[in-house]
*Asks:* 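Okay, handing you the structure first.
All values derive from a computational prediction rather than experimental measurement. First listed ligand is number 1; within each ligand, the first listed atom is number 1. Atoms considered below: every heavy atom in the structure, side chains included; atoms not considered: hydrogens, waters and symmetry mates.
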Amino acid sequence: MADWSSKNPYMSTITENYILNGEGSRKETRHIAFDLGDSGLTYKVGDALGIMAQNPPHIVDELIEVQGWDADEMVITHNGEKRLWDALKCDFEVHMANKKFVASLADKVVSGQLRIKSTVMRRVRNGQEIDEELPQGEAKDDPVSTVEKINSSKEEVEDYLWTRDYIDIMREFDVKYSAQEFMEIADRLKPRLYSISSSLDAHPGLVELTVGIVRFEYNNRPRGGLCTLYLADEIGNKEIGVFMSPTKSFVLPEDKSIDIMMVGPGTGIAPFRAFMEQRVYDGATGRNWLFFGDQSEKTEYYYKEAIEDWVKNGDLYKFTTAWSRDQAEKIYVQDRLRENGPEVWEWFDSGAYFYICGDKSRMAKDVHTALIDIVEEHGKMSRDDAVHYVEKKMMREEKRYLRDVY
Ligand SMILES: Cc1cc2nc3c(=O)[nH]c(=O)nc-3n(C[C@H](O)[C@H](O)[C@H](O)COP(=O)(O)OP(=O)(O)OC[C@H]3O[C@@H](n4cnc5c(N)ncnc54)[C@H](O)[C@@H]3O)c2cc1C
Ligand SMILES: NC(=O)c1ccc[n+]([C@@H]2O[C@H](COP(=O)([O-])OP(=O)(O)OC[C@H]3O[C@@H](n4cnc5c(N)ncnc54)[C@H](OP(=O)(O)O)[C@@H]3O)[C@@H](O)[C@H]2O)c1
């Protein structure tokens, strides 16, 4: 079997790629299945899949046009010698600018050259003359002092980068880089990881994902995430490089009679679909309790049929939902955990595993706090003992509080 990795990915074909959201949703979450063919690749539930995506072609075209580069020029990259167009498409993150590039502006801008507010530039594209509005600048600022101000703190740089890509910045300051110079500054294209949402036993030869597509707009240009836009808009039935990223810790209990609680709002449901498929396949006798939620039951009830079947067949002992926007007050998974506090404590106390998957920055932190609150109240402990119970006993010693957050 070949040793597939990020350096040597297996070229897979997508067999299913559809939107899970109902009509009228504000989100685009996709179910995507990849064929493992004759790769010999295997995985266990809890593992992640690595994906090698590419930049949108229109961004590569525009970047080359703005800089006046030759798309066919041969260039040397960390992945060998190739056409500039191919290098920009496959080897560098060109859809979002980096801090190194902002720092490099200091050597490029010329004093006294005024940036112009809301300018229309006439340009030729596909043989046609078009008027294009340029990103806005502050007419009064000298570019040298503007660049100095942007580079004066980490926060300023981050704020500046949040709403601009390379093309915006190059236009804003009218700066020119050689292609080789640019490739030394731009980040190398990184693989993206996705929690696998299938069990190989339930879907032989396939690996399935649940992917939230990142789309946003700035300066009237549609933008988004590199990998998710590639999967949503470009891949079709072309091959795509994938590899396995196995987990050591985010695993099901070996003893199949142990109860498990799974908290996975949004795309956080991914590994728990896989866990449920595996527990059913294995005939596990432990009870399964799933907490799931997203904006609305009508549009975000992902994998509804499978979940309803698991409930009907008794495979899912309990299914608790938190639809955040179906009522005036927000309801989140941690509110449901608190409402079910006495039973949650009973499960903890009798050795159940507790899993969280999904948003790291807010949800996972709030669920963590809710757990400590529940242990304090229903386990009748001091705050310090409750923290010790959750963070030391469950998490570190018994390894039955496990997280897959991003
Ligand atoms: C172990 C692991 C498992 C994961 N599992 C899953 C999963 O199951 N499903 C899933 O969907 N994702 C998952 N992720 C996240 C996934 O890896 C990617 O990070 C995600 O899909 C975004 O990748 P991208 O290439 O599309 O976006 P990128 O090109 O990496 O860009 C994302 C960035 O866009 C920027 N951005 C977002 N919104 C805006 C805005 N409005 N304005 C300006 N900038 C903005 C943010 O800086 C954000 O970091 C997982 C991550 C890890 C580490
Ligand atoms: N690293 C990256 O580049 C990247 C890319 C894509 C996504 N992500 C992260 O992955 C997460 C998953 O996105 P997703 O679309 O699957 O789901 P999500 O945005 O996390 O939303 C799922 C549900 O969680 C709710 N929620 C919001 N804040 C919460 C909180 N503090 N505690 C508990 N629940 C909360 C949402 O409610 P409301 O929306 O109604 O408030 C929604 O009902 C995103 O939040 C994002 O941070 C990261």
Side-chain angles (χ1 to χ4, degrees), residues 20-21 25-32 46-56 59 93-98 158-165 168 187 189-198 207-219 221-234 244-247 249-250 263-274 291-297 299-302 321-327 329-338 356-370 403-406:
L20 290 163
N21 307 84
S25 173
R26 295 178 196 84
K27 296 190 147 187
E28 180 180 340
T29 304
R30 288 175 173 261
H31 180 76
I32 308 180
D47 287 349
L49 184 75
I51 296 192
M52 308 301 300
Q54 299 177 11
N55 291 282
I59 291 189
E93 307 249 344
V94 303
H95 73 307
M96 275 178 202
N98 67 12
E158 275 165 9
D159 272 5
Y160 182 73
L161 284 173
W162 185 249
T163 51
R164 293 163 175 87
D165 65 5
D168 296 327
D187 293 329
L189 199 143
K190 293 176 296 298
R192 270 48 173 183
L193 293 181
Y194 293 90
S195 311
I196 292 174
S197 63
S198 55
V207 55
E208 303 183 353
L209 304 180
T210 310
V211 178
I213 309 303
V214 180
R215 291 187 197 275
F216 49 97
E217 198 167 288
Y218 195 78
N219 270 337
R221 274 176 52 212
R223 295 155 198 245
L226 188 148
C227 186
T228 54
L229 286 196
Y230 188 67
L231 290 170
D233 298 345
E234 201 185 328
M244 292 299 166
S245 175
T247 176
S249 54
F250 199 76
V263 178
T267 53
I269 192 154
F272 303 136
R273 175 180 183 258
F291 289 82
F292 172 65
D294 208 319
Q295 294 185 357
S296 171
E297 178 172 8
T299 47
E300 274 77 47
Y301 191 168
Y302 310 142
T321 55
W323 305 111
S324 55
R325 304 191 190 189
D326 278 354
Q327 58 287 307
E329 297 281 303
K330 289 257 177 150
I331 295 177
Y332 289 154
V333 282
Q334 60 270 28
D335 302 317
R336 297 303 193 206
L337 279 162
R338 285 198 173 91
I356 306 180
C357 180
D359 176 46
K360 183 184 192 169
S361 60
R362 296 158 303 155
M363 183 276 294
K365 286 183 186 146
D366 293 349
V367 169
H368 183 82
T369 306
R403 298 193 284 188
D404 173 19
V405 294
Y406 43 89

*Asks:* Mind checking what makes side chain to side chain donor-acceptor pair (under 3.5 Å) contact with R338, not counting sequence neighbours?
*Replies:* D373

*Asks:* Relative to each other, are the rings of F292 and Y302 parallel, tilted or perpendicular (30° and 60° limits)?
*Replies:* tilted

*Asks:* Checking contacts here: is it the side chain or the backbone of V214 that comes within 4.0 Å of ligand 2, counting heavy atoms only? Could be both or neither.
*Replies:*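 The answer is the side chain.
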
*Asks:* Check whether any heavy atom of G212 sits under 4.0 Å from an atom of ligand 2.
*Replies:* no

*Asks:* Any idea which protein heavy atom is nearest atom 21 (O) of ligand 1, and the distance to it?
*Replies:* Y194 OH, 2.7 Å

*Asks:* Near H95, which atoms of ligand 1 are under 4.0 Å from a heavy atom of that residue?
*Replies:* 28 (P), 29 (O)

*Asks:* Examine E93 against ligand 1 and note whether any of their N/O atoms are separated by less than 3.5 Å.
*Replies:*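 N/O-N/O distance below 3.5 Å does not exist for this pair.
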
*Asks:* Regarding D404 and S195, do their side chains bring together a donor and an acceptor under 3.5 Å, going by distance alone?
*Replies:*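 Side-chain D/A pair, D404 to S195: present.
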
*Asks:* In the protein, what heavy atom is nearest to atom 22 (C) of ligand 1, and what distance, to one decimal place, separates them?
*Replies:* V214 CG2, 4.1 Å

*Asks:* Using only atom types and a distance under 3.5 Å, with no angle test, would you say the side chain of R221 pairs donor to acceptor with the backbone of E217?
*Replies:*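 Checked: no pair found.
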
*Asks:* Any N or O of A48 that comes nearer than 3.5 Å to an N or O of ligand 1?
*Replies:* no

*Asks:* List ligand 1 atoms under 4.0 Å from T210, heavy atoms only on the residue side.
*Replies:* 7 (C), 8 (O), 9 (N), 10 (C), 11 (O)

*Asks:* I'd like to know if atom 19 (O) of ligand 1 has any protein heavy atom within a distance of less than 4.0 Å.
*Replies:* no

*Asks:* Within ligand 2, which atoms have a heavy atom of R362 less than 4.0 Å away?
*Replies:* 27 (C), 28 (N), 31 (N), 45 (O)

*Asks:* For atom 11 (C) of ligand 2, what's the nearest protein heavy atom and its distance?
*Replies:* D359 CB, 3.6 Å

*Asks:* For atom 15 (C) of ligand 1, what is the nearest protein heavy atom, given as residue, atom name and distance?
*Replies:*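 For atom 15 (C) of ligand 1, the nearest protein heavy atom comes out as Y406 CD1, 3.7 Å.
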
*Asks:* May I ask you to check whether Y301 and W323 place their ring centers less than 6.0 Å from one another?
*Replies:*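 Centroid separation for Y301 and W323: below 6.0 Å.
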
*Asks:* Take D233 and R215, measure what salt bridge (charged side-chain N to carboxylate O under 4.0 Å, His left out) needs, and give me the verdict at the end.
*Replies:* CA-CA 11 Å; D233 298 345; R215 291 187 197 275; 2.8 Å; yes

*Asks:* Tell me the protein heavy atom at minimum distance from atom 46 (C) of ligand 1, and give that distance in Å.
*Replies:* W162 CZ3, 3.6 Å

*Asks:* Is there a side-chain contact between E234 and L229 (heavy atoms, below 4.5 Å)?
*Replies:*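 Counting from C-beta outward, E234 and L229 never come under 4.5 Å.
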
*Asks:* Any N or O on D366 sitting closer than 3.5 Å to an N or O of ligand 2?
*Replies:* yes

*Asks:* Please confirm whether A270 comes within less than 3.5 Å of ligand 1 when only nitrogen or oxygen atoms on both sides are compared.
*Replies:*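 In this structure, A270 places no N or O atom under 3.5 Å from an N or O of ligand 1.
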
*Asks:* Okay, side chain of R30, backbone of E28: is any donor-acceptor separation there less than 3.5 Å?
*Replies:*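 Looks like no, no N/O pair under 3.5 Å.
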
*Asks:* Between T228 (side chain only) and V214 (backbone N and O only), is there a donor and an acceptor less than 3.5 Å apart?
*Replies:*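 Looks like yes, one N/O pair under 3.5 Å.
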
*Asks:* Note the single closest protein heavy atom to atom 8 (O) of ligand 1, along with its residue, its atom name and the distance in Å.
*Replies:*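 Closest protein heavy atom to atom 8 (O) of ligand 1: S195 N, 3.4 Å.
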
*Asks:* Please check: side-chain N/O of N55 versus main-chain N/O of V94, any donor-acceptor pairing under 3.5 Å?
*Replies:* yes

*Asks:* Any atoms of ligand 1 less than 4.0 Å from a non-hydrogen atom of L226? List them with their elements.
*Replies:*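 Result: 24 (P), 25 (O), 26 (O), 27 (O), 28 (P), 29 (O).
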
*Asks:* Around atom 30 (O) of ligand 1, find the nearest protein heavy atom and jot down its residue, atom name and distance.
*Replies:*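 That would be R192 NH2, 3.0 Å.
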
*Asks:* Which atoms of ligand 1 sit under 4.0 Å from any heavy atom of V211?
*Replies:* 11 (O)

*Asks:* Among protein heavy atoms, which lies nearest atom 12 (C) of ligand 2, and at what distance?
*Replies:* T267 OG1, 3.7 Å

*Asks:* Who's the nearest protein heavy-atom neighbour of atom 24 (O) of ligand 2, and how far?
*Replies:* P265 CB, 4.0 Å

*Asks:* Which residue owns the protein heavy atom closest to atom 16 (C) of ligand 1, what's the atom, and how far is it?
*Replies:* L193 O, 3.4 Å

*Asks:* Using distance alone, decide if ligand 2 has a nitrogen or oxygen within less than 3.5 Å of any nitrogen or oxygen in Y332.
*Replies:* yes

*Asks:* With no hydrogens and no angle check, do the side chains of T267 and T210 hold a donor and an acceptor under 3.5 Å apart?
*Replies:* no

*Asks:* Cut-off 3.5 Å, side chains only: do S25 and E300 have a donor facing an acceptor?
*Replies:* yes

*Asks:* Tell me whether atom 49 (O) of ligand 1 lies less than 4.0 Å from at least one protein heavy-atom position.
*Replies:*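 Protein heavy atoms within 4.0 Å of atom 49 (O) of ligand 1 - there are none.
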
*Asks:* Quick check on contacts: which atoms of ligand 2 are under 4.0 angstrom from a heavy atom of Q334?
*Replies:*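 Answer, ordered by atom number: 30 (C), 32 (N), 33 (C).
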
*Asks:* Please check this pair: side chain of S198 against backbone of E208, looking for a donor-acceptor N/O pair closer than 3.5 Å.
*Replies:*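 Yes.
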
*Asks:* Any idea which atoms of ligand 2 are less than 4.0 Å away from a heavy-atom of Y406?
*Replies:* 10 (O)

*Asks:* Can you figure out which of L161, I213, T228 has its heavy atom closest to atom 26 (O) of ligand 1?
*Replies:*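 Looking at heavy atoms only, T228 sits closest to atom 26 (O) of ligand 1.
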
*Asks:* Considering heavy atoms of the protein only, find what lies nearest to atom 34 (O) of ligand 1 and give residue, atom and distance to 0.1 Å.
*Replies:*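 Looking only at protein heavy atoms, the one closest to atom 34 (O) of ligand 1 is M96 CE, 3.3 Å.
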
*Asks:* Within the 4.0 Å heavy-atom shell around G266, which atoms of ligand 2 are there?
*Replies:*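 Every atom of ligand 2 under 4.0 Å from some heavy atom of G266: 16 (O), 17 (O), 22 (C).
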
*Asks:* Does S361 have any side chain to side chain donor-acceptor pair (under 3.5 Å) partners at least two apart in sequence or in another chain, and if so, which?
*Replies:*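 Side chain to side chain donor-acceptor pair (under 3.5 Å) list for S361, sorted by chain: D359.
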
*Asks:* Within the side chain of T299, is there an N or O that forms a donor-acceptor pair under 3.5 Å with the backbone of Q295?
*Replies:*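 Checking the backbone N and O of Q295 against the side chain of T299, no donor-acceptor pair under 3.5 Å is found.
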
*Asks:* Backbone, side chain, both or neither: what part of K27 comes under 4.0 angstrom of ligand 2, heavy atoms only?
*Replies:*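 Side chain only; the backbone of K27 stays clear of ligand 2.
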
*Asks:* Just by distance, no angles: are the side chains of S296 and D326 close enough, under 3.5 Å, to form a donor-acceptor pair?
*Replies:*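 Judged by distance alone, the side chains do pair up.
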
*Asks:* For the residue pair M363 and I356, establish whether any side-chain heavy-atom pair is separated by less than 4.5 Å.
*Replies:*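 The answer is yes; the side chains approach within 4.5 Å.
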
*Asks:* Tell me the contacting part of E300 for ligand 2: side chain, backbone, both, or neither, using a 4.0 Å heavy-atom threshold, strictly below.
*Replies:* neither

*Asks:* For ligand 1, which atoms have a heavy atom of G225 less than 4.0 angstrom away?
*Replies:* 24 (P), 25 (O), 26 (O), 27 (O), 28 (P), 29 (O), 31 (O)

*Asks:* Just to be sure I read this right, does ligand 2 sit under 4.0 Å from the backbone of K365, its side chain, both, or neither, counting only heavy atoms?
*Replies:*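 It is neither; nothing of K365 touches ligand 2.
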
*Asks:* Between R325 and ligand 2, which part of the residue brings a heavy atom under 4.0 Å of the ligand: side chain, backbone, both or neither?
*Replies:*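 For R325, the contact with ligand 2 is made by the side chain alone.
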
*Asks:* Taking side chain as C-beta onward, heavy atoms only, is P265 less than 4.5 Å from Y332?
*Replies:* no

*Asks:* Could you list which atoms of ligand 2 come closer than 4.0 Å to a heavy atom of K330?
*Replies:* 38 (P), 40 (O), 41 (O)

*Asks:* Evaluate the side-chain proximity of P271 to F250: yes if any heavy-atom separation is below 4.5 Å, no if none is.
*Replies:* yes

